[in-house]
Amino acid sequence: MGETGQAQLASAARTDAQPAIILDRVNKWFGALHVLRDVSLQVAFGERVVVCGPSGSGKSTMIRCINRLETHQEGRIIVDGIELSEDVKALDAIRREVGMVFQSFNLFPHLTVLENCTLAPIWVRRMPKREAEALAMHYLERVRIPEQAKKYPGQLSGGQQQRVAIARALCMKPKIMLFDEPTSALDPEMIKEVLDTMVELAETGMTMMVVTHEMGFARQVADRVVFMDRGEIVELGTPDQVFNNPQTERLRLFLSQILRGH
Amino acid sequence: MSQSSTDPRLLRAPPKRRLRLSWRDERVRGIVWQVLVVGVIGAIVWWLWSNTVHNLEVRRIATGFGFLSREAGLPIAESLIEYSPTDTYFRALLVGLLNTLKVAVVGIVLATILGTLIGIARLSRNWLLAKLAGIYVEVIRDLPLLLQLLFWYVVLQNLPGPRQALTPVEGIYLSNRGLKLPALVWEAAHGWALLAFLAGIVGTWLYRRWARARQMQDGQPRRVWPVALLLMAGLPVAVWWALGAPWVVDWPVLRGFNFRGGTTITPEYFALLLGLVLYTAGFIAEIVRAGILAVPQGQWEAAEALGLRPAQVLNRVVLPQALRVIVPPMTSQYLNLTKNSSLAVAIGYQDIVSIANTTLNQTGQAIEGIAIIMLVYLTISLSISLFMNWYNARIALVER
């Protein structure tokens, strides 16, 4: 991690002394392919980190490692003070604290919007149904779709589905939210409604780690931006540092490519 | 429907389309085709019927089911109910029907269990297990069932005789006379214990419903298995104990060239059951595998990311989506297994086809015999279909 990153981390660690996420020299291979190379990163509670990089750079793999949807083979990952390992209890504890939003929404098609939101509170948090439903309605109101509660995911637009997915994750009252390219599968006119929801969430002080290419979003909410390429963290800094003053040729090339695309 | 609505827009009827008499009108074409198909089928039925009536008259064969009450005089090797050759044809056919049901019901249950296990095994991350399951499915599916039935029958026929019977556990003997098992001497107390067991199943089901309803109220999940154990095992044992705990076991004993006592699973039944189960399980395995694969990986990940335990992921997220794909083709496999059981004729197991065949040979009542076979299979098949359709409707997903 560079000097700038350390300085930024110090300023961001305002709510809690203990970091929310620690990645310490994490390595991962898919077969012979080395997809994460000595990735080290600390995220403080309350901090918003945006991860960008070309496709295949390992950014999705990295955040999927944080709640162990992928397993790392070397190094340490510590989330909310709990180290990820083969220990099932530790994994359960971490997954309760970490919410995840996927590129393809992954709502449960056989359950209504409301049931999607109450499933985990009822079965994992052991919440009475009425209470879980009140909680779900609270978050559905926050993502502005309470009127869709009785519908099935298949009846909603992509943007609405992604907002339900955010509400579903929030119903577990996570301390940390991970977003894996939440707007990449959406039509342009729906991207805004999802990003607006995420901005509002950021304003509540939620710890967020977001893989996205939405530069506007990154500039607006990110405390730090991480640029990854070929499995490594190449640059790390404030949005201004990373986007306006790239230090490496790789980042300059990447920025010129996504700016051309927009 | 009553049109009591006050909104005039709701009162407007759809426009009536008038039928244009032209070959270019798709509705006219539809009607012509339907008339044609019904006409052709009607003609075929009439032709078959008149031919049959004519031939019966020429050969002076009396039709009717009067023969059912005559003495059958045909020996049957195994039966679930009391039967002797002096009984009527009706009773003989009833024995055949029960024998068919015996192999079909047990076969369906075992094939479902085995098929599900093999289907899951083929998806396993264990390389050896997945490959073995794959080889099993490919070999079993690619060989004709009749060949497999004959193979198992020959294997069982070539087992050593009773004197050299294979004895995996003392009291169980496998020989060319079949599988000999110890039997419990049945008393009234056992009947009551069985009844208590059935009551235990109902009680467990009711408790599970209650526990679920309570959980929705206070959020606390309750373990069902201790209650299930108490009701389904404890209760029957208590009843049996209270009624004097009768326990007399009839052990099979070698006397001369065969066993006496105990109960027997004949080589014919064993071979038929084995063949049907192993064959159908191959198909069921593929259905189960396809059903599980039909649920996208993202569903597993989303459920796991929410913190659901593996069993909850399976029960609440994956199975409801997989069953919708699994159940309809499963119905076909159950029907196949039931109908394939008629291959019993080839290895001498006396099912309904075998006994109806003998009946029609002895009485000459071919049409009635065939009609009985058709009626039996139609009834069984429709029952299976009805049950499975009901089950399918129950688990069917509403998605929009």
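- Residue A:Leu156 does not touch chain B at all, counting heavy-atom pairs closer than 4.5 Å.
- Only the side chain of A:Leu69 comes within contact range of chain B, with heavy atoms under 4.5 Å apart.
- Interface residue B:Gln217: only backbone heavy atoms are found under 4.5 Å from chain A.
- For the pair B:Leu306 and A:Arg168, the tightest heavy-atom approach, listed with the atom from each and the gap, is CD1-CD, 3.8 Å.
- Taking all atoms of both residues into account, the shortest heavy-atom contact from B:Gln312 to A:Trp123 is NE2-O, 3.3 Å.
- Heavy-atom proximity under 4.5 angstrom to chain B picks out A:Arg64, A:Asn67 from residues 57-67 of chain A.
- Within a 6.0 Å sphere centred on CZ of A:Arg144, other residues, nucleotides and ligands contribute 12 heavy atoms or fewer.
- Among the residues in residues 76-92 of chain A, those with a non-hydrogen atom closer than 4.5 angstrom to a non-hydrogen atom of chain B are A:Val88, A:Asp92.
- The distance from atom CZ of A:Phe108 to atom CD of B:Gln321, rounded to the nearest 0.5 Å, is 8.0 Å.
- Counting heavy-atom neighbours within 6.0 Å of A:Arg130 CZ, excluding the residue itself, gives a total of 12 or less.
- Listed here is the closest heavy atom pair of B:Ala302 and A:Phe102: CA-CE1, 3.6 Å.
- Counting non-hydrogen atoms of neighbouring residues, nucleotides and ligands closer than 6.0 angstrom, the CZ atom of B:Arg29 exceeds 12 such neighbours.
- In this structure, the separation between CG on A:Asn106 and CD on B:Gln297 is 9.5 Å, given to the nearest 0.5 Å.
- Across A:Arg95 and B:Gly307, no two heavy atoms sit closer than the pair CB-CA, 3.9 Å.
- Only the side chain of A:Met172 has a heavy atom closer than 4.5 Å to any heavy atom of chain B.
- Using non-hydrogen atoms only and a strict 4.5 Å limit, the part of residues 220-234 of chain B facing chain A consists of B:Gln220, B:Pro221.
- In this structure, B:Leu308 CG and A:Arg96 CZ are separated by 11.0 Å, a value rounded to the nearest 0.5 Å.
- For residues 109-126 of chain B, a heavy-atom distance under 4.5 Å to chain A picks out no residue at all.
- The nearest pair of heavy atoms linking A:Ile122 to B:Met216 is CG2-CE, 3.9 Å.
- No part of B:Arg214 comes within reach of chain A, as not one of its non-hydrogen atoms sits under 4.5 angstrom from that chain.
- With rounding to the nearest 0.5 angstrom, the CE atom of A:Met100 is 7.5 Å from the CD atom of B:Glu301.
- Shown here is B:Arg309, whose CZ atom has no more than 12 heavy atoms of other residues, nucleotides or ligands within 6.0 Å.
- Within a 6.0 Å radius of CZ in B:Arg141, other residues, nucleotides and ligands contribute more than 12 heavy atoms.
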